[in-house]
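No hydrogens, no waters, no symmetry mates; every other heavy atom, side chains included, goes into these values.
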Amino acid sequence: MKFQPDRFDVQTITAYGPGWINVDADRIEHSIIVGTRGQRIAWDCSRFEDLAPAHFAQLAELDAEVVIFGSGTRNRFPPPAWLQPLMARRIGLETMDTLAACRTYNILAGEGRNVIAALLLEA
């Protein structure tokens with residue numbers, strides 16, 4: 001049996017480590033929003049404590065099926081009231097640590113889903 005490497009038509013997270021990720025061939029060392037429809041937006045927050053309702057309202061405007069929220073080095077949940085803009089548009093949100101969010105984004109991207117990863121990259 002001959003194995004073939006996975007080939008994606010969308011941008012994927014090709015490597016990651018503490019405080020950085022690679023999206024395709026680009027190394028990124030700041031929080032970012034990555035989407036399967038080509039979105040690559042700097043996300044203005046460097047710590048979980050910097051997050052505010054406006055950060056999640058921004059995610060709702062991107063009109064994805066699901067948002068994967070990478071909350072940093074550990075799993076932390078935003079206050080439910082902040083998720084109202086996502087719920088109003090019937091957009092799901094899954095919260096996990098950032099490295100797990102990278103892996104989950106790649107799986108959903110490979111399935112052809114319209115997914116956004118909002119990744120908190122703590123310095």
Side-chain angles (χ1 to χ4, degrees):
M1 174 185 295
K2 183 175 181 183
F3 289 99
Q4 298 293 325
D6 289 335
R7 296 204 175 138
F8 292 100
D9 307 9
V10 296
Q11 61 187 350
T12 57
I13 299 167
T14 55
Y16 53 77
W20 64 274
I21 64 169
N22 281 3
V23 177
D24 295 329
D26 299 326
R27 186 177 175 107
I28 297 168
E29 296 180 351
H30 56 80
S31 297
I32 190 161
I33 299 167
V34 177
T36 54
R37 293 192 174 164
Q39 302 95 330
R40 195 182 299 189
I41 304 163
W43 207 29
D44 184 28
C45 52
S46 58
R47 302 175 313 140
F48 184 83
E49 294 77 19
D50 295 338
L51 290 170
H55 289 101
F56 294 90
Q58 177 185 13
L59 298 174
E61 296 299 318
L62 299 174
D63 201 31
E65 289 176 54
V66 65
V67 173
I68 306 299
F69 170 51
S71 61
T73 57
R74 60 189 176 96
N75 194 10
R76 294 171 280 186
F77 296 91
W82 294 7
L83 307 180
Q84 187 57 40
L86 292 163
M87 290 186 285
R89 290 180 170 235
R90 302 180 57 87
I91 298 171
L93 179 110
E94 295 292 331
T95 300
M96 55 198 72
D97 68 70
T98 296
L99 300 183
C102 291
R103 294 186 298 269
T104 302
Y105 168 83
N106 281 345
I107 291 168
L108 295 176
E111 293 175 351
R113 306 274 303 272
N114 177 12
V115 62
I116 295 289
L119 304 172
L120 186 61
L121 296 175
E122 299 170 312

>> For the backbone of V115 and the side chain of T36, can you confirm whether one donor and one acceptor N or O come within less than 3.5 Å of each other?
In response: yes
>> If the condition is side-chain hydrogen bond (donor to acceptor under 3.5 Å, both in side chains), which residues does Q84 pass it with, not counting sequence neighbours?
In response: none
>> Test of understanding: clusters of I, L, V, M, F, W, Y form through side-chain heavy atoms closer than 4.5 Å, transitively. Do W82 and F48 belong to the same one?
In response: yes
Show which side-chain atoms of residues 63-70 pair as donor or acceptor with protein atoms under 3.5 Å away, not counting sequence neighbours.
unit_1: E65; atom_1: OE1; unit_2: R113; atom_2: NE; d: 2.8
unit_1: E65; atom_1: OE1; unit_2: R113; atom_2: NH2; d: 3.4
unit_1: E65; atom_1: OE2; unit_2: N114; atom_2: N; d: 2.9

> Under a 4.5 Å side-chain heavy-atom rule over Ile, Leu, Val, Met, Phe, Trp and Tyr, are I32 and L59 clustered together?
Replying inline: no
>> Applying side chain to side chain contact (heavy atoms under 4.5 Å, CB included), can you list everything that pairs with P85, at least two apart in sequence or on another chain?
In response: A57, A60
> Taking all non-hydrogen atoms of both residues, which atom of R76 and which atom of T95 are closest, and how far apart?
Replying inline: O-CG2, 3.0 Å
>> Suppose we screen for salt bridge (charged side-chain N to carboxylate O under 4.0 Å, His left out). Which residues come up paired with E94, at least two apart in sequence or across chains?
In response: none
> In Å, rounded to the nearest 0.5 Å, how long is the span from CD1 of I13 to CG of D24?
Replying inline: 9.5 Å
> Is D97 reaching over with its side chain to a backbone N or O of L99, donor-acceptor style, under 3.5 angstrom?
Replying inline: yes
>> Using the ring pair (Phe, Tyr, Trp, His ring centres under 6.0 Å) criterion, which residues pair with Y16? Sequence neighbours excluded.
In response: none
> Of all residues at least two apart in sequence or in a different chain, which pass the side-chain hydrogen bond (donor to acceptor under 3.5 Å, both in side chains) check with W43?
Replying inline: Q58
> With sequence neighbours excluded, what pairs up with R103 under the salt bridge (charged side-chain N to carboxylate O under 4.0 Å, His left out) test?
Replying inline: none
> For D50, which residues count as a side-chain hydrogen bond (donor to acceptor under 3.5 Å, both in side chains) partner, sequence neighbours excluded?
Replying inline: S46, R47
> Any sub-3.5 Å donor-acceptor pair from S71's side-chain atoms to R74's backbone N or O?
Replying inline: yes
> Rounded to the nearest 0.5 Å, what separation is found between the CD1 atom of I107 and the OG1 atom of T12?
Replying inline: 12.5 Å
>> Do W20 and L121 sit in one hydrophobic cluster, given that two such residues count as connected whenever their side-chain heavy atoms are within less than 4.5 Å of each other, even indirectly?
In response: no
> Once you round to the nearest 0.5 Å, how far does CD of Q11 lie from CG of N106?
Replying inline: 10.5 Å
>> Could you list the cluster mates of F77? Members are the ILVMFWY residues connected by side-chain heavy atoms closer than 4.5 Å, either directly or through other members.
In response: none
>> Considering only residues two or more places apart or on different chains, which pairs with a residue in residues 27-38 satisfy salt bridge (Lys or Arg N to Asp or Glu O under 4.0 Å)?
In response: R27-E29
> Which residues pass the salt bridge (charged side-chain N to carboxylate O under 4.0 Å, His left out) test with D44, sequence neighbours left out?
Replying inline: none
>> My understanding is that only residues two or more places apart in sequence, or in another chain, count here; which of them pass side-chain hydrogen bond (donor to acceptor under 3.5 Å, both in side chains) with T73?
In response: E122
>> Please tell me whether L108 and L62 are part of a single hydrophobic cluster in this structure, the criterion being side-chain heavy atoms less than 4.5 Å apart.
In response: no
> So which heavy atom on V23 is nearest to which on R40, and how close?
Replying inline: CG1-NH2, 3.3 Å
>> Contact between C45 and L120 at the side-chain level, heavy atoms closer than 4.5 Å - yes or no?
In response: yes
>> Contact between L119 and I21 at the side-chain level, heavy atoms closer than 4.5 Å - yes or no?
In response: yes
> Hey, any chance L86 and I41 share a hydrophobic cluster, counting ILVMFWY side chains that come within less than 4.5 Å of each other, even indirectly?
Replying inline: yes
